[in-house]
Amino acid sequence: MPAVGILHPSVRLWVAEPGQDGLPASMIRQPSPNQGARRGAPPEAVIDTIIVHFTNMATAEAAVERLCCPEAGVSCHYVIAEDGRIWQLVEETARAHHAGLGGWGRIAEDMNSHSIGIELANRGDVPFPDPQMQMLERVLCGLMNRWRIPPERVIGHSDMAPDRKDDPGPRFDWRRLARQGLAVWPDARASGDDDLATFRELTEAVGYRPDFSDEDVLRAVRLRFRPWARGPLEAGDIAVLKDMATRFPVDRRGVRT
Ligand SMILES: [Zn+2]
């Protein structure tokens with residue numbers, strides 16, 4: 001359980017307050033109407049995944065406006081601007097509308113009930129500035145402690161929905177997060193072959209769902225770990241997956257006890 005915060009007496013929801021739980025005092029709370037209760041009872045609906053997105057909009061303010069618009073129907077838990085400003089649109093205990101169809105590891109559907117969604121203001125084609133990354137790291141640290149989320153369950157939207165999503169994109173610095181234990185990153189020294197059956201076996205061990213095509217999964221793997229790679233499956237793809245499957249197999253490390 002978190003050390004500080006407010007357990008709301010009537011609805012029994014954990015309410016994270018600005019200035020507490022690692023969240024900055026300057027955090028703006030702007031509740032979105034696009035939310036509801038998480039579905040299912042624990043352990044089914046346990047919060048165990050964090051999904052990182054980019055907004056693909058001109059400004060953070062425009063993204064917040066859209067994520068709070070009833071007609072749009074979408075939302076997320078946190079929005080972080082390029083300069084590190086942060087908004088909370090949905091309480092962590094509630095279900096936000098950010099993930100859509102897809103899955104990760106043992107979770108095949110309704111990722112919204114299992115996850116926290118963080119939107120980073122970015123068009124997808126420029127690096128994520130340091131103040132934004134610093135705020136993300138601060139929020140991730142709190143979330144992972146609060147909900148006991150392992151680093152292999154901090155993923156991109158493209159990881160859980162390889163057939164239709166490409167955020168947070170090739171400019172996002174996963175390696176920086178991994179150095180702090182806030183995500184996972186492969187060892188570049190690993191070696192591998194280019195066998196397709198091995199590829200699917202390894203991607204499943206890492207967390208990619210079997211429901212997606214070889215092409216979509218390869219695209220998602222490269223987007224995250226080898227954004228420079230082109231063409232058919234190659235040994236380098238297998239190498240990074242082999243290392244990841246060995247060191248960070250999803251849902252198998254018994255972290256949640
Ligand atoms: Zn997204």
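Order of appearance sets the numbers: ligands from 1, and atoms from 1 within every ligand. Because the structure is a prediction, the values reported are computed rather than measured. Residues: numbered from 1 along the sequence shown.
Minimum-distance N/O/S atom of H53 relative to the Zn ion (ligand 1): ND1. Minimum-distance N/O/S atom of H157 relative to the Zn ion (ligand 1): ND1.
Electrostatic pairing of E234 and R226 counts as a salt bridge here, judged by a charged N lying under 4.0 Å from a carboxylate O.
Note that CG of L140 and CD of Q180 are 9.0 Å apart. Values are rounded to the nearest 0.5 Å.
At least one N, O or S atom of D167 sits under 2.8 Å from the Zn ion (ligand 1). Coordination check, H98 versus the Zn ion (ligand 1): failed, since every N/O/S atom of the residue sits at 2.8 Å or beyond.
Aromatic rings of F128 and F172 (six-membered ring for Trp) have centroids within the 6.0 Å cut-off, being under it. Taking the six-membered ring for Trp and the full ring otherwise, W174 and F225 have centroids separated by 6.0 Å or more.
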